[in-house]
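Notes for the one structure printed next.
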Amino acid sequence: KRQKKKQTKNKNGWKDLSPFPLRRCHGGKALAEKLCEKSEDKAFCISSLTSRPEADTATAPKLGVIALSVASTNASDTSLYIKSKLKQRNLEPALEDTLDDCSKNYLDAVAQLDDSLAALLANAYIDVDIWLNTAISDGEACEDALSERAGNDAELARRNTNFLKLCKDALLINTILTP
């Protein structure tokens with residue numbers, strides 16, 4: 001008699017024939033779709049993961065690196081946007097305070113995402129989780145400053161929302177990769 005391979009579920013509830021099938025799987029968009037199944041914004045997650053040419057043949061761990069890289073680029077770009085806004089003359093005091101707070105948050109977030117990437121490359125998934133959650137907290141602090149003060153910037157709010165999505169998707173992928 002042939003024995004059937006036992007189906008298992010990992011901690012994320014994914015059924016597969018082996019405990020870590022996604023770690024060995026190749027497949028670009030199809031793999032990105034699988035990794036993004038539980039994302040808050042699946043289309044955004046897939047789009048960000050497949051935005052780099054190397055995603056076409058990437059394994060799940062490589063897509064994890066791509067997710068962190070895209071989030072880091074977003075954070076750096078947002079930090080530069082904030083700096084350029086702070087250079088403008090005659091800013092409303094409330095907006096200047098918000099931009100100052102968000103600037104500090106994004107400087108921290110960039111460093112935390114760099115630490116996350118180094119941790120992921122060392123397979124230190126718990127450290128990746130810690131650094132990503134800290135970066136998310138920085139994005140949420142900026143979001144709070146934007147919503148609680150009179151000084152709001154619609155473009156920064158949009159960028160911050162995207163940053164939070166990117167970080168949460170990278171965290172989701174890290175959770176999937178964690179053995």
Side-chain angles (χ1 to χ4, degrees), residues 11-12 22-23 28-29 31-87 98-147 153-179:
K11 65 184 174 183
N12 303 306
L22 293 173
R23 295 174 62 88
K29 188 171 181 181
L31 180 56
E33 287 173 356
K34 184 72 173 164
L35 289 171
C36 292
E37 276 182 358
K38 296 187 179 186
S39 173
E40 291 175 11
D41 186 341
K42 186 176 177 179
F44 182 87
C45 179
I46 294 166
S47 175
S48 68
L49 287 181
T50 58
S51 66
R52 304 275 171 94
E54 63 270 25
D56 290 344
T57 58
T59 59
K62 179 63 179 173
L63 286 175
V65 170
I66 291 170
L68 282 173
S69 176
V70 170
S72 183
T73 299
N74 174 281
S76 295
D77 290 348
T78 301
S79 183
L80 291 172
Y81 170 80
I82 295 167
K83 286 179 186 177
S84 73
K85 290 291 284 189
L86 282 167
K87 289 179 182 176
T98 298
L99 292 171
D100 276 335
D101 287 348
C102 287
S103 179
K104 291 171 190 166
N105 294 133
Y106 271 88
L107 288 174
D108 288 345
V110 169
Q112 290 148 0
L113 290 169
D114 289 346
D115 290 340
S116 293
L117 186 55
L120 182 61
L121 294 173
N123 297 322
Y125 301 106
I126 293 170
D127 292 342
V128 174
D129 189 81
I130 292 166
W131 291 118
L132 272 171
N133 275 304
T134 306
I136 289 168
S137 293
D138 283 326
E140 289 170 343
C142 181
E143 182 177 57
D144 291 345
L146 285 164
S147 65
D153 182 278
E155 176 61 15
L156 179 54
R158 183 192 67 77
R159 288 171 177 262
N160 194 65
T161 297
N162 287 343
F163 171 73
L164 288 169
K165 286 181 187 179
L166 291 168
C167 287
K168 289 175 182 177
D169 289 341
L171 185 62
L172 172 69
I173 292 167
N174 185 64
T175 301
I176 293 166
L177 293 176
T178 302

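Values below: every heavy atom of this structure, side chains too, minus hydrogens, waters and symmetry copies. Computed from a predicted structure; not experimentally measured.
For the pair K83 and L107, the minimum side-chain heavy-atom distance is below 4.5 Å. Using a 4.5 Å heavy-atom threshold, the side chains of L63 and T50 count as separate. W131 places none of its side-chain heavy atoms less than 4.5 Å from the side chain of L117. Considering only heavy atoms from C-beta on, K165 stays 4.5 Å or farther from E40 through its side chain.
Rounded to the nearest 0.5 angstrom, L35 CG and I46 CD1 are separated by 9.5 Å. The line from CD1 of I82 to SG of C142 is 5.5 Å long, rounded to the nearest 0.5 Å. Rounding to the nearest 0.5 Å places OG1 of T175 at 13.0 Å from NZ of K168. With rounding to the nearest 0.5 Å, the separation of OG in S103 from OH in Y81 is 13.0 Å. Rounding to the nearest 0.5 Å places OG1 of T134 at 10.0 Å from CG of L113. Distance check, rounded to the nearest 0.5 Å: CG of N160 to CG of N105 gives 8.5 Å.
Residue pairs satisfying the disulfide bond (SG atoms under 2.5 Å apart) criterion with at least one member in residues 40-75, sequence neighbours excluded, are listed as follows: C36-C45. Applying the salt bridge (charged side-chain N to carboxylate O under 4.0 Å, His left out) test to every pair with at least one member in residues 101-122, sequence neighbours left out, gives these pairs: D101-R149. Screening residues 153-164 for salt bridge (charged side-chain N to carboxylate O under 4.0 Å, His left out), with sequence neighbours left out, gives K85-D153, E155-R158, E155-R159. The stretch residues 135-145 participates, sequence neighbours left out, in no salt bridge (charged side-chain N to carboxylate O under 4.0 Å, His left out) pair at all. Residue pairs meeting the ring pair (Phe, Tyr, Trp, His ring centres under 6.0 Å) criterion with at least one member in residues 157-179, sequence neighbours excluded, are Y106-F163.
L132 approaches A170 most closely through the heavy-atom pair CD1-C, 3.7 Å. Of all the heavy atoms in S48 and L166, the pair that sits closest is CB-CD2, 3.5 Å. Here the closest non-hydrogen pair linking I136 and C167 is CG1-CB, 3.5 Å. Listed here is the closest heavy atom pair of L172 and S39: CD2-N, 3.7 Å. Pairing each heavy atom of K42 with each of E33, the nearest pair is CE-O, 3.8 Å.
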Legend entry - Intermediate values then yes/no, side chain to side chain contact (heavy atoms under 4.5 Å, CB included), V128 and T178: CA-CA 10 Å; V128 174; T178 302; over 6 Å; no
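Using modelled atom types, one finds no donor on one side chain facing an acceptor on the other under 3.5 Å when comparing D127 with Y125.
Put simply, the side chain of S47 never gets that close to the backbone of A43: no donor and acceptor are under 3.5 Å apart.
Screening L120, I173, L177 for a side-chain contact (heavy atoms from CB on, under 4.5 Å) with P61, the sole residue that qualifies is L177.
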Show the atom names and distances, to 0.1 Å, of all donor-acceptor pairs under 3.5 Å that link a side chain in residues 72-80 to residues at least two apart or in another chain.
| from | atom 1 | to | atom 2 | distance (Å) |
| --- | --- | --- | --- | --- |
| T73 | OG1 | S69 | O | 3.0 |
| S76 | OG | S72 | O | 3.2 |
| T78 | OG1 | N74 | O | 2.9 |

